[in-house]
2 protein chains.
Amino acid sequence: MSVATETKVSLEGLNLTASRRAVLDIVKGAKKPMKAYDILSDLQQVIPHAKPPTVYRALDYLVTNHLLHRVNAQNAFVYCQHHEKCFHDHPERFNVIFTCITCGAITEQAHHVMSNVMAEMTKAMGFMSDSHILECTGVCKECS
Amino acid sequence: MSVATETKVSLEGLNLTASRRAVLDIVKGAKKPMKAYDILSDLQQVIPHAKPPTVYRALDYLVTNHLLHRVNAQNAFVYCQHHEKCFHDHPERFNVIFTCITCGAITEQAHHVMSNVMAEMTKAMGFMSDSHILECTGVCKECS
DNA sequence: ATAGTTATTGTATATTATATCACTATTAAA
DNA sequence: TTTAATAGTGATATAATATACAATAACTAT
Ligand SMILES: [Zn+2]
Ligand SMILES: [Zn+2]
Ligand SMILES: [Zn+2]
Ligand SMILES: [Zn+2]
């Protein structure tokens, strides 16, 4: 069940302008989290007049629409590794993004129990969550 | 064994210099997450020649020694609401920081089940966690 | 067509964080 | 005592990240 091959569902109902599409392709094509100004450099190969706001506006749109995740711990952006599952099958699911502080590798894990635990906590607090991404830094298997 | 468990957290053994102590007091005394340059403004009331590196150095030290948490989603810092409990009673415990996007209120919750779930996940992945703080944004009870 | 609205773009600037180097204090050998 | 290593500080400059605000374009409803 490769996510990468199933692009049709992800793109339904989205207004992917040229800038947004280009930024999405850049981040999706990268194998590491991409920083805004790295994206800008790549984007300027395609859209020479692109400026920082061009990138940030596209990123805002793509994150809001769940095609990308922002990795706060790194000020970076990654393509959602399971966009359909996260938001179609289990809207309340929590994802956890693991970042290796040694090699920078990113792994996105969706976890049912975690989702339930977070649902319990937020319910008990009366807190309406709008962010389903939790971040964990450490050292990955390969680097330890 | 995670990195955090190897870290002794107590006020003993800390080298709280004037700058570090002042920054700690500023963040501890604030009722909201404090940003670096807000801290700088306050710090300059006490140490007029303080500059950005003064603040960032103190923050690095205080975060490393678990007296403060960095809230990545806001580029801000909060006093650890229970640093002894976090690292003495339950070294593997995961804390969750909830941030209200409306009023900015911060709540730090430690949760045993969450801790176990994360321990399972990281064990399965062979991932050595060094950050036990997960962030969740949304709207708090009062604001909803 | 035209006024009102929303969406997008352009320019400039604001905010956040680090690099560097010189200096001081403290401690640990030599 | 001298020397060397470690840790912290002060000051300047600049890098890296992000947004404010004004202008224009596109779209909608009379
Ligand atoms: Zn995802
Ligand atoms: Zn790694
Ligand atoms: Zn804490
Ligand atoms: Zn609130």
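In what follows, chains are A, B, ... by sequence order, proteins preceding strands, each numbered from 1.
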The side-chain hydrogen bond (donor to acceptor under 3.5 Å, both in side chains) partners of B:Asn75 (sequence neighbours excluded) come to B:Arg70
Does any donor-acceptor pair link the side chain of B:Tyr37 with the base of C:dA17 at a separation under 3.5 Å?
yes
What is the distance, rounded to the nearest whole Å, between atom CD of B:Gln74 and atom P of C:dA17?
12 Å
Can you list everything that forms a ring pair (Phe, Tyr, Trp, His ring centres under 6.0 Å) with A:Phe77? Sequence neighbours excluded, please.
none
Whole angstroms only, please: what is the NZ-P distance between A:Lys35 and C:dA17?
11 Å
What is the first contacted nucleotide of DNA chain D and what is the last, in 5' to 3' order, if contact means an atom lying under 4.0 angstrom from a heavy atom of chain A?
D:dT17 to D:dC21
Under the side-chain contact (heavy atoms from CB on, under 4.5 Å) test, residues paired with B:Lys123 that sit two or more places apart:
none
Would you mind reading off the distance between B:Leu40 atom CG and C:dT18 atom C1', rounded to a whole angstrom?
15 Å
Those residues that, when tested against B:Phe98, pass ring pair (Phe, Tyr, Trp, His ring centres under 6.0 Å) (two or more places apart)
A:Phe127
Test B:His69 against B:Ile97 for side-chain contact (heavy atoms from CB on, under 4.5 Å), laying out the working first.
CA-CA 9 Å; B:His69 294 302; B:Ile97 290 184; 4.0 Å; yes
For B:Asp60, side-chain hydrogen bond (donor to acceptor under 3.5 Å, both in side chains) partners two or more places apart
none
Figure out the CG/P separation between A:Leu16 and C:dT8, and round it to whole Å.
11 Å
Return the set of residues passing side-chain hydrogen bond (donor to acceptor under 3.5 Å, both in side chains) with A:Asn116 (not counting sequence neighbours), or none when no residue passes.
none
Tell me, please, which residues at least two apart from B:Ala73 pass side-chain contact (heavy atoms from CB on, under 4.5 Å).
A:Asn72, B:Glu135, B:Thr137
Sorted by number, residues from residues 50-58 of chain A placing a heavy atom under 4.0 Å from DNA chain C are A:Pro53, A:Arg57
Examine distances only and state if a side-chain atom of A:Gln44 and a backbone atom of A:Ala50 form a donor-acceptor pair shorter than 3.5 Å.
yes
Tell me every residue that passes side-chain contact (heavy atoms from CB on, under 4.5 Å) with A:Arg20, counting only those two or more places apart in sequence or in another chain.
A:Asn15, A:Leu16, A:Thr17, A:Ala58, A:Tyr61
Give every donor-acceptor pair under 3.5 Å between a side-chain atom in residues 26-33 of chain B and any protein atom, sequence neighbours left out.
residue	atom	partner	partner atom	Å
B:Lys32	NZ	B:Cys103	O	3.1

I want to confirm an ordering. Mapping B:Asn75 and B:His49 to their closest nucleotides on DNA chain D, which one lands closer to the 5' end?
B:His49
Starting at atom CG of B:Asp60, determine the distance to atom P of C:dA17, rounded to an integer number of angstrom.
10 Å
Tabulate atom names and distances for all N/O pairs under 3.5 angstrom spanning the protein and nucleotides 23-26 of chain C.
none

